[in-house]
J.: 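Could you have a look at this structure, given as C-alpha cells, before my questions?
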Amino acid sequence: MKKGVFIVLEGPDRSGKSTQAALLRKWLEERGREVLVTREPGGTYLSEKIRKILLDPKSNIEPMTELFLYETSRVKHTLEKIIPALKAGKVIISDRYTLSTTAYQGYGRGLDLKTVETLNRIATLDLKPDLTIVFDMPDRIFSQRERLRSGRDRIERAPDAFRRRVNRAYKRLARRPGVARVDAGRSIDEIQAEVRALAAKALRG
Ligand SMILES: Nc1ncnc2c1ncn2[C@@H]1O[C@H](COP(=O)(O)OP(=O)(O)OP(=O)(O)O)[C@@H](O)[C@H]1O
Ligand SMILES: [Mg+2]
C-alpha cells in the first residue's frame, strides 16, 4: 500500500486555502492517489458542531474558552479522521491545523504561546504534518476577496488589528522547519503550480 501523507494548508482568512485544496485533490486523484480533504475546526460530526459554536457571531467566547474549543475539535478530528486516513495510505489535505491556533489564539488573541503549543501537541497526540504550506497574503487582499456565500463569521468580524497580528504571525511561522511559504497574492494557477511542486516533493518523502 502507498504511504499516507499529511499535508496542511494554512493562512489567513480568504488566503485561498479551500480553493487550492480542491485543485490539489483533483491533481492527486488524477495521479492515482486516494485523497481525503478535511478541515479544522470540523471534519467530524462533533467537530462540525464545535465549529458552528466558534463561528457563530452570537457566541460570546473569551480567548481561553476559544482555545479549548479549537483543541477539543482537534482531538476528535485527529483521532477520527487523520490517523485512520494515514493508516489507509491516503493523502490527507487538511484546511488548517495547529499553526492556525498558534497564529489566531496565540499571536492574535495574545494567549501564552507555550500554553497554546502544549495544547496543540496534546490535541494531536504529537502528530506532525509531512508538509505545511502557509499562504502568505498581503493585508489589503482580505477586503478585496469578499465571501459570496455568506456574511462574516465571528472570527472574520474581529478588528483589523487582530487580523494584522494573525497575518504577521503567519509570516513568522512560515520560517519554521517543515513549513513552506507561498505568496498568496498571485493568480490561482500560479499558486497551484507551486503547491503541486511542494506536494510532489512531500509525496516522494
Ligand atoms: N489567487 C487568488 N486570486 C484571486 N481570488 C482568489 C484567489 N484564491 C482564491 N480566491 C477567491 O478568494 C475567495 C477566498 O478563497 P478561499 O475560500 O479559497 O479562501 P480560504 O483561505 O479557504 O478562506 P476561508 O479562511 O474564509 O475559508 C474566494 O472567493 C476565491 O474564489
Ligand atoms: Mg476555506
J.: Does a sphere of radius 6.0 Å around NZ in K81 hold more than 12 heavy atoms from other residues, nucleotides or ligands, not counting ones at 6.0 Å or beyond?
T.: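 More than 12 within 6.0 Å, yes.
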J.: Okay, side chain of E80, backbone of H77: is any donor-acceptor separation there less than 3.5 Å?
T.: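 Such a contact is absent between E80 side chain and H77 backbone.
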J.: Just by modelled atom types, is the G89 backbone N or O under 3.5 Å from a matching donor or acceptor in the R33 side chain?
T.: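 Checked: pair present.
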J.: Could you tell me the separation between the CD1 atom of I7 and the CG atom of L28, rounded to the nearest 0.5 Å?
T.: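 If we round to the nearest 0.5 Å, I7:CD1 and L28:CG are 6.0 Å apart.
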J.: Please determine if E30 and K26 form a salt bridge, counting it only when a charged side-chain N lies under 4.0 Å from a carboxylate O.
T.: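 A salt bridge is present here (some side-chain N lies under 4.0 Å from a carboxylate O).
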J.: Could E66 and R154 be called an ion pair, given the rule that one side-chain N must be under 4.0 Å from one carboxylate O?
T.: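 Salt bridge between E66 and R154, a charged N being under 4.0 Å from a carboxylate O: yes.
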J.: Flag the pair F6 / Y97 as yes when their ring centroid distance falls below 6.0 Å, and as no otherwise.
T.: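 Judged by ring-centre distance (under 6.0 Å), F6 and Y97 do meet the cut-off.
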J.: Do the numbers put R109 on top of the ring of F162, so that NZ or CZ is under 6.0 Å from the six-membered ring centre and no more than 45° off the axis?
T.: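 Yes, R109 lies over the aromatic ring of F162.
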J.: Indicate whether the side chain of Y170 and that of S100 have a donor and an acceptor atom separated by less than 3.5 Å.
T.: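 Distance-only check passes for Y170 and S100.
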J.: Do Y104 and D13 have side-chain N/O donor and acceptor atoms under 3.5 Å apart?
T.: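 Yes, a side-chain donor-acceptor pair sits under 3.5 Å.
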J.: Strictly distance-based, threshold 3.5 Å: is any side-chain N or O of S47 a donor or acceptor partner for the main-chain N or O of S73?
T.: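 Present.
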J.: Are any side-chain N or O atoms of S59 and backbone N or O atoms of I61, one a donor and one an acceptor, separated by less than 3.5 Å?
T.: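 A pair under 3.5 Å: no.
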J.: To the nearest 0.5 Å, what is the distance between CZ (R25) and CD (Q20)?
T.: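 Answer for the CZ-CD pair, R25 versus Q20, is 14.5 Å.
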J.: Do R172 side-chain atoms and R168 backbone N/O form a donor-acceptor pair below 3.5 Å?
T.: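 No: the side chain of R172 does not pair with the backbone of R168.
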J.: Among R51, R74, E10, exactly one meets side chain to side chain contact (heavy atoms under 4.5 Å, CB included) together with E40. Which residue is that?
T.: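 Running side chain to side chain contact (heavy atoms under 4.5 Å, CB included) over R51, R74, E10 with E40 returns exactly one hit, R74.
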J.: Does a side chain donor of either T38 or D95 reach within less than 3.5 Å of an acceptor in the other side chain?
T.: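 Result is no, nothing qualifies.
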J.: Is a side-chain N or O of R145 found less than 3.5 angstrom from the main chain of R14, in a donor-acceptor match?
T.: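 Yes: the side chain of R145 pairs with the backbone of R14.
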